[in-house]
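Notes follow once the structure below has been shown.
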Amino acid sequence: MKNYTKNSITVLLLNVLFFTALMGNESLQVYTRETVSLSGNWNIIVDPYENGFYNYRWEPFDQMENPWLSAFFMDARMQTSTDLIEYNFDKAETLFVPGDWNTQDPRFYYYEGSIWYRKKFDAPGKKETDKVYLYFGAVNYRADVYLNGVKLGVHIGGFTPFHFEISDLLKTNNNSLVLKVDNKRSKEGVPTLNTDWWNYGGITRDVKLVVLPEVFIRDYSIKLESAENKKVSGSILLENCSEGQEIVFSVPELKIKLKLNAAQNGKANFSFTAKNLDLWSPDNPKLYEINIIAGEDNLSDLVGFRTISVKGKQLLLNDKPIFLKGISIHEEFAAEGGGRVNEKRKAEQLLDWALELGCNFVRLAHYPHNEDMIRLADNKGILVWSEIPVYWTIDWTNRETFANARNQLTENILRDRNRASVIIWSVSNETPVRPDRTSFLTKLVEHVHSLDDTRLVSTAMEKHYKKDDPSVAVVEDPLAEIVDIVSYNQYIGWYDGLPAKCDTTEWEIAYEKPVFISEFGGGAKYGYHGDADTRWTEEFQEDLYIRNLEMLDKIDGLCGMSPWILVDFRSPRRPLAEIQEDFNRKGLLSEKGEKKKAYFILQKYYNDKK
Ligand code: GCB
């Protein structure tokens with residue numbers, strides 16, 4: 001390896017200083033702030049062998065005191081005609097950010113591995129004392145992030161936001177931001193090796209620069225404590241402030257204006273009662289502007305106030321029973337050939353399809369969706385089930401896997417805990433009933449309670465049959481004891497018998513809790529017609545919906561459902577030629593948005609439902 005150009009620049013010593021193994025997370029509220037977007041074309045280098053990351057002894061360059069210029073994060077260029085540097089971002093091809101790589105170039109359709117991204121940018125206008133943060137909406141799956149050759153850190157998990165403070169590393173011009181993005185699946189990952197959705201890689205959500213004054217509002221939380229008393233409480237968290245820092249919190253429409261003082265840890269709690277508070281609900285998605293001012297910083301947001309609770313087998317929104325007319329949704333928009341939703345208009349189209357179906361609820365499967373989706377749900381009055389990708393067969397006894405799942409849950413909750421639309425945090429989907437899994441998930445449920453005591457916790461479980469009577473379906477899962485609503489997926493008529501089996505199946509759910517059907521469904525290819533006995537026809541799916549709805553309606557305590565699924569979605573598990581062609585066909589709409597017959601069955605059921 002003598003040929004390699006070595007570099008001894010000392011700035012790299014800083015790598016050790018700035019390196020953080022897995023991002024810890026303090027949240028940063030960014031969505032409503034003025035930011036500088038780094039969207040656009042980024043130069044990329046495809047690196048299946050991770051050549052830009054490891055030397056030929058497989059030692060990571062970024063842990064060496066003097067990494068060679070061959071480390072891609074150095075973003076180096078040949079200076080003399082004899083230099084040997086075997087990459088050049090300036091001349092490299094580009095990909096659009098935000099966006100998955102799979103649908104931007106046919107070469108990357110099935111790609112799982114590393115791609116390096118590089119963006120050059122000038123520092124945004126700022127005062128000497130200002131703080132600059134670099135914010136990522138999501139990168140799937142692992143992101144190693146470098147600025148001007150210095151490692152900022154690593155983030156693991158493909159669907160939640162993370163950020164770095166970069167004030168001290170920023171140059172006035174020509175900053176080099178480099179990411180190694182790796183979407184390789186692994187046994188110990190969350191999700192693990194096996195999923196039923198496309199493993200879209202890349203910088204899939206927005207990248208933003210945020211300039212903040214030295215003392216700034218990092219985060220806040222707000223909640224309606226009681227629908228009856230209309231009492232609201234919350235807290236505000238400042239960064240870099242001294243004890244006693246003044247904060248003004250106001251809700252102009254309610255004529256609420258509170259003067260607060262931060263404690264030593266930067267926190268200030270508040271509460272108020274507003275007898276004239278108009279509660280948020282699907283029928284009345286009322287949002288109030290709130291303003292927080294602290295020193296030179298101010299943060300505004302739109303917030304709805306509602307409660308969600310259970311009483312016996314009843315689900316109550318603002319103390320009144322509600323039936324969740326739901327549908328499951330993947331964060332994908334393939335209508336125009338794309339994959340992951342990377343624009344607000346696409347998120348909005350998905351929600352508008354759900355509204356047209358008659359829904360007041362969406363299950364955002366199987367991972368946190370983009371923030372636009374949640375904000376739009378707030379605006380449109382759609383209730384939300386929010387989930388992390390603890391799916392099927394996680395490595396239950398691995399401590400890192402647990403830390404990773406817990407971290408994704410934290411990041412999800414801290415991003416969305418002020419959104420009225422979100423009523424359920426789900427910790428997993430279809431996991432096997434065994435002690436190591438139950439202890440893993442119990443700890444996650446406890447973690448949710450510690451972060452947010454205002455919402456329900458659930459998980460999508462599975463059904464079983466009574467041992468002595470196979471015509472009676474039951475849920476036997478210790479997890480059902482600790483979640484707030486008993487939710488489960490069931491596929492009678494598709495994986496379990498044919499649709500007629502619904503007619504002879506009865507349900508006995510032994511728990512004194514509301515019952516929610518988190519999935520049911522079957523596949524149909526749009527435009528493929530035949531009789532109801534022919535699998536993949538629209539008629540088969542239509543019949544399956546008719547019989548399932550009739551069966552499910554008889555369940556004692558049924559509080560709603562989110563059939564599987566709104567739109568056909570890509571999955572590597574679905575290769576059947578002429579029918580699937582890489583799409584799971586259980587959508588009520590084709591990937592282009594064409595309505596199948598079953599769509600109208602569910603629409604009528606929801607429209608008739610009180
Ligand atoms: C399930 C999973 C979902 C799959 C679906 C299917 O139970 O929760 O992720 O896509 O079944 O189509 O098999």
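Numbering of ligands and ligand atoms starts at 1, following listing order.
In terms of protein heavy-atom proximity, atom 4 (C) of ligand 1 is nearest to Asp196 OD2, 3.2 Å. With respect to atom 12 (O) of ligand 1, the closest heavy atom belonging to the protein is Lys586 NZ, 2.6 Å. Ranking the protein heavy atoms by distance from atom 7 (O) of ligand 1 puts Glu430 OE2, 2.2 Å first. Nearest non-hydrogen protein atom to atom 13 (O) of ligand 1 is Tyr495 OH, 2.4 Å. In terms of protein heavy-atom proximity, atom 2 (C) of ligand 1 is closest to Glu519 OE1, 3.2 Å.
Set against the non-hydrogen atoms of His366, the atoms of ligand 1 under 4.0 Å away are 3 (C), 8 (O), 9 (O). Of all the atoms in ligand 1, the ones that sit under 4.0 Å from a non-hydrogen atom of Arg574 are 6 (C), 12 (O), 13 (O). Taking a cut-off of under 4.0 Å to the non-hydrogen atoms of Tyr391, the atoms of ligand 1 that pass are 2 (C), 3 (C), 4 (C), 9 (O). Close contacts of ligand 1 with Asn429, meaning ligand atoms under 4.0 Å from a residue heavy atom, involve 2 (C), 8 (O). Atoms of ligand 1 found under 4.0 Å from any heavy atom of Phe569, numbered from 1 in the order shown, are 10 (O).
Contact annotation for Asn584 and ligand 1: only side-chain heavy atoms (C-beta onward) come within less than 4.0 Å of the ligand. At a heavy-atom cutoff of 4.0 Å, ligand 1 is contacted by no atom of Glu462, backbone or side chain. Neither the backbone nor the side chain of Trp494 comes within contact range of ligand 1; no heavy atom lies under 4.0 Å. Within the 4.0 Å heavy-atom criterion, neither part of Thr195 lies near ligand 1. Using a 4.0 Å cut-off between heavy atoms, Trp197 makes no contact with ligand 1 at all.
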Exercise. Please walk me through it: do Ser428 and Thr459 pass side-chain hydrogen bond (donor to acceptor under 3.5 Å, both in side chains)?
Worked result: CA-CA 5 Å; Ser428 62; Thr459 174; 2.5 Å; yes
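Side-chain N or O atoms of Tyr367 include one that pairs as donor or acceptor with a backbone N or O of Glu331 at under 3.5 Å. Side-chain atoms of Asp378 come within 3.5 Å of backbone N or O of Ala420 as a donor-acceptor pair. At least one donor-acceptor pair closer than 3.5 Å links the side chain of His464 to the backbone N or O of Glu476.
The nearest pair of heavy atoms linking Asn412 to Thr160 is N-CG2, 3.9 Å.
A salt bridge is absent between Asp372 and Arg205; no separation between the charged side-chain nitrogens and carboxylate oxygens falls under 4.0 Å.
Using modelled atom types and a 3.5 Å distance limit, the side chains of Glu188 and Asn398 yield no donor-acceptor pair.
Rounding to the nearest 0.5 Å gives a distance of 7.5 Å between SG of Cys359 and CD1 of Ile329. In this structure, Asp416 CG and Asn418 CG are separated by 9.0 Å, a value rounded to the nearest 0.5 Å.
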I'd like a table of donor-acceptor pairs (distance under 3.5 Å, sequence neighbours excluded) in which one partner is a side-chain atom from residues 551-560, with atom names and distances.
unit_1	atom_1	unit_2	atom_2	d
Asp553	OD1	Tyr605	OH	2.8
Asp553	OD1	Lys609	NZ	3.0
Asp556	OD2	Lys313	NZ	3.4

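Not a single heavy atom of Gln490 lies less than 4.0 angstrom from ligand 1.
Ring-plane geometry between Trp536 and Trp494 is classed as perpendicular, the angle between the planes exceeding 60 degrees on a 0 to 90 degree scale with a lower cut at 30.
By the 3.5 Å distance cut-off applied to N or O atoms, Trp392 is not counted among the residues near ligand 1.
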